[in-house]
Amino acid sequence: MAGKLKIAVVKFASCSGCQGVLLDAEEELPFLVDNHLDIQYFIEATSRIGDGPYDLALVEGSISVPEDLKRVKEIREKSKIVATIGACATTGGIQALRNWSSLNDFSRTVYLNPEWIASLDKSTPISEHIKVDYELNGCPISKQQLLDFIVSMVIGKRPRIERNSVCVECKRLGNVCVLVADKLPCMGPVTKAGCGALCPSYGRDCYSCFGPFEDINVESLKKKFKEIGLKDYEVLHKFREFTGYSKQFREVKV
Ligand code: SF4
Ligand code: SF4
């Protein structure tokens with residue numbers, strides 16, 4: 001594209017770990033900023049506050065408090081392309097575990113003055129409120145995937161985002177399957193690739209921080225989990241972790 005890509009990195013309810021992935025690109029970021037990126041808004045990195053418009057907004061975090069509802073719409077209006085980054089923004093994140101319980105019960109348990117807490121009943125993904133052009137998954141996102149994505153935006157190319165399962169990455173790496181060999185409840189068969197099968201490569205089960213891809217076979221995996229000895233509530237808990245409020249996982253019942 002002509003000129004530098006005007007970029008905003010925006011945070012809603014999140015731990016900032018996904019923005020941290022961009023800051024962690026210590027070797028690549030200076031080159032990108034010198035030559036291709038005009039960082040207009042990135043509170044974690046610079047005190048400069050550019051009001052937009054932006055070519056690209058990277059949005060981290062879920063919609064969790066009333067102020068978020070207006071702000072996320074403003075970001076959409078100011079940005080040509082909106083990409084959500086991480087499990088919080090794409091699925092509601094770990095804070096969405098409250099969605100199956102009563103917010104009042106939590107507030108009363110944690111806070112001395114729960115009436116002072118202004119929070120939405122549910123923590124929801126950004127895509128439930130505005131049109132999202134691209135989603136980068138993970139908790140946190142993969143640095144390589146983020147850099148590939150930014151470079152694609154800079155050169156005006158359609159980004160390559162994985163649509164396979166983690167199992168495909170596992171097979172490419174020649175890993176021994178921990179679900180079959182060790183009877184660990186691995187979520188890889190229903191989880192979008194992109195992490196490089198990180199957990200199975202170290203002999204542990206995937207917990208689906210990248211969330212589901214489109215055509216998942218939940219029934220088959222539930223059956224397999226029961227075969228290896230999981231009780232119904234344990235099967236349910238497997239689908240209620242970092243990406244439990246994704247559209248596909250939130251409907252899972254046992
Ligand atoms: S997706 Fe994970 S790493 Fe990223 S902001 Fe949310 S909790 Fe933090
Ligand atoms: S270890 Fe998990 S991700 Fe890897 S092939 Fe087995 S089920 Fe799939």
Side-chain angles (χ1 to χ4, degrees), residues 8-20 43-44 57-79 82-141 187 190-192 194 206-216 218 221-222 232-254:
V9 183
V10 183
K11 172 182 161 69
F12 289 91
S14 60
C15 81
S16 299
C18 288
Q19 299 179 56
I43 292 289
E44 303 263 334
L58 296 174
V59 179
E60 176 194 81
S62 66
I63 300 303
S64 194
V65 295
E67 300 79 40
D68 291 347
L69 295 166
K70 181 164 171 259
R71 188 163 157 251
V72 75
K73 290 194 170 70
E74 287 170 1
I75 299 294
R76 176 69 271 186
E77 280 160 19
K78 287 178 182 178
S79 312
V82 171
T84 46
I85 55 170
C88 298
T90 55
T91 70
I94 205 79
Q95 58 273 32
L97 294 179
R98 76 167 190 248
N99 295 356
W100 285 278
S101 296
S102 153
L103 179 66
N104 278 338
D105 288 348
F106 285 130
S107 301
R108 280 205 308 270
T109 307
V110 175
Y111 298 105
L112 204 56
N113 298 101
E115 67 279 10
W116 293 355
I117 303 300
S119 190
L120 296 169
D121 275 348
K122 289 189 167 29
S123 164
T124 44
I126 301 294
S127 60
E128 290 199 9
H129 303 275
I130 59 167
K131 177 177 173 279
V132 169
D133 301 297
Y134 299 101
E135 291 189 336
L136 300 187
N137 304 93
C139 181
I141 50 171
M187 291 287 284
V190 294
T191 299
K192 204 184 276 180
C206 163
Y207 51 89
S208 202
C209 69
F210 270 59
F213 53 96
E214 271 169 35
D215 303 320
I216 56 172
V218 170
L221 191 60
K222 276 165 51 180
D232 279 351
Y233 75 90
E234 291 172 317
V235 172
L236 190 61
H237 284 179
K238 289 303 298 178
F239 288 92
R240 298 263 172 97
E241 294 197 46
F242 289 72
T243 54
Y245 203 64
S246 59
K247 280 201 176 97
Q248 293 97 319
F249 289 172
R250 79 175 75 156
E251 306 297 341
V252 171
K253 294 192 173 53
V254 291

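The figures that follow rest on heavy atoms only: side chains count, while hydrogens, waters and symmetry mates do not.
Using a 4.0 Å cut-off between a side-chain N of Lys or Arg and a carboxylate O of Asp or Glu, Glu74 and Lys70 qualify as a salt bridge. Taking a cutoff of 4.0 Å between a charged side-chain nitrogen and a carboxylate oxygen, Lys73 and Asp68 do not qualify as a salt bridge.
For the atom pair CD1 of Ile94 and OG of Ser14, the computed distance is 13.5 Å after rounding to the nearest 0.5 Å. Atom OG of Ser119 and atom CD of Gln95 lie 10.0 Å apart (nearest 0.5 Å). Taken from SG in Cys209 to CZ in Phe242, the straight-line distance is 7.0 Å, to the nearest 0.5 Å. Annotation: the span from Ile117 atom CD1 to Ser107 atom OG amounts to 6.0 Å, rounded to 0.5 Å. Summarising the geometry, atom CZ belonging to Phe210 is positioned 9.5 Å from atom NZ belonging to Lys192; distances are rounded to the nearest 0.5 Å. Rounding to the nearest 0.5 Å places OG of Ser123 at 9.0 Å from CG of Leu97.
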Q. Can Thr191 and Tyr207 be said to form a side chain to side chain contact (heavy atoms under 4.5 Å, CB included), step by step?
A. CA-CA 8 Å; Thr191 299; Tyr207 51 89; over 6 Å; no

Q: Take Ile126 and Ile63, measure what side chain to side chain contact (heavy atoms under 4.5 Å, CB included) needs, and give me the verdict at the end.
A: CA-CA 6 Å; Ile126 301 294; Ile63 300 303; 3.7 Å; yes

Q. Hey, mind stepping through Ser101 and Phe106 against side chain to side chain contact (heavy atoms under 4.5 Å, CB included) and telling me if it holds?
A. CA-CA 8 Å; Ser101 296; Phe106 285 130; 3.6 Å; yes

**Q.** Derivation of the side-chain hydrogen bond (donor to acceptor under 3.5 Å, both in side chains) call for Lys122 and Asn99
**A.** CA-CA 5 Å; Lys122 289 189 167 29; Asn99 295 356; 5.7 Å; no

Q: Determine, stepwise, if the pair Val132 / Arg76 fulfils side chain to side chain contact (heavy atoms under 4.5 Å, CB included).
A: CA-CA 8 Å; Val132 169; Arg76 176 69 271 186; 5.9 Å; no

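Identified under the salt bridge (Lys or Arg N to Asp or Glu O under 4.0 Å) test for residues 243-254, with sequence neighbours left out: Glu128-Arg250. Sorted by first and then second residue, the salt bridge (Lys or Arg N to Asp or Glu O under 4.0 Å) pairs involving residues 87-106 (not counting sequence neighbours) are Asp105-Arg108.
For Lys222, the side-chain hydrogen bond (donor to acceptor under 3.5 Å, both in side chains) criterion is met by Glu219, not counting sequence neighbours. Applying the side-chain contact (heavy atoms from CB on, under 4.5 Å) rule to Ala83 yields the partners Leu56, Leu58, Tyr134, Phe149; only residues at least two apart in sequence or on another chain are considered. With sequence neighbours excluded, the residues forming a side-chain contact (heavy atoms from CB on, under 4.5 Å) with Thr91 are Ala87, Thr243, Ser246, listed by chain and number. Legend: residues meeting side-chain contact (heavy atoms from CB on, under 4.5 Å) with Asp215, ordered by chain and number and at least two apart, are absent. For His129, the side-chain hydrogen bond (donor to acceptor under 3.5 Å, both in side chains) partners two or more places apart in sequence, or in a different chain, are Thr124. Scored by the salt bridge (Lys or Arg N to Asp or Glu O under 4.0 Å) test, Arg240 finds no partners at all (sequence neighbours excluded). The side-chain contact (heavy atoms from CB on, under 4.5 Å) search around Ser16 returns Lys11, Gln19, Glu44, Glu60, not counting sequence neighbours. Not counting sequence neighbours, Glu67 has no partner by the salt bridge (Lys or Arg N to Asp or Glu O under 4.0 Å) test. For Asp121, there are no side-chain hydrogen bond (donor to acceptor under 3.5 Å, both in side chains) partners two or more places apart in sequence or in a different chain. In this structure Glu135 satisfies the salt bridge (Lys or Arg N to Asp or Glu O under 4.0 Å) test with no other residue, sequence neighbours excluded.
Lys131 has its side chain within reach of Asp133: a pair of non-hydrogen atoms, C-beta onward, lies under 4.5 Å apart. A heavy-atom distance below 4.5 Å is found between the side chains of Trp116 and Asn113. A heavy-atom distance below 4.5 Å is not found between the side chains of Phe213 and Gln248. At a threshold of 4.5 Å between non-hydrogen side-chain atoms, the residues Thr90 and Pro125 do not count as touching. Taking the side chain as every heavy atom from C-beta outward, Ile85 and Val59 never approach each other to under 4.5 Å. Between Lys238 and Phe249, the closest side-chain pair of non-hydrogen atoms is not below 4.5 Å. Here the side chains of Ser62 and Phe12 are not in contact, with every heavy-atom distance at 4.5 Å or above. Leu120 has its side chain within reach of Pro66: a pair of non-hydrogen atoms, C-beta onward, lies under 4.5 Å apart.
At least one donor-acceptor pair closer than 3.5 Å links the side chain of Ser102 to the backbone N or O of Asn104.
Across every non-hydrogen atom of Gly61 and Cys88, the tightest pair is CA-CB, 3.6 Å. Summarising the geometry of Leu236 relative to Val252, their closest heavy-atom pair is CD1-O, 3.6 Å, with the distance given to 0.1 Å.
Under the 30°/60° scheme for interplanar angles, the aromatic rings of Trp100 and Tyr245 are found to stand perpendicular.
Counted within 6.0 Å of CD on Glu115, heavy atoms from surrounding residues, nucleotides or ligands total more than 12; the atom is thus considered enclosed.
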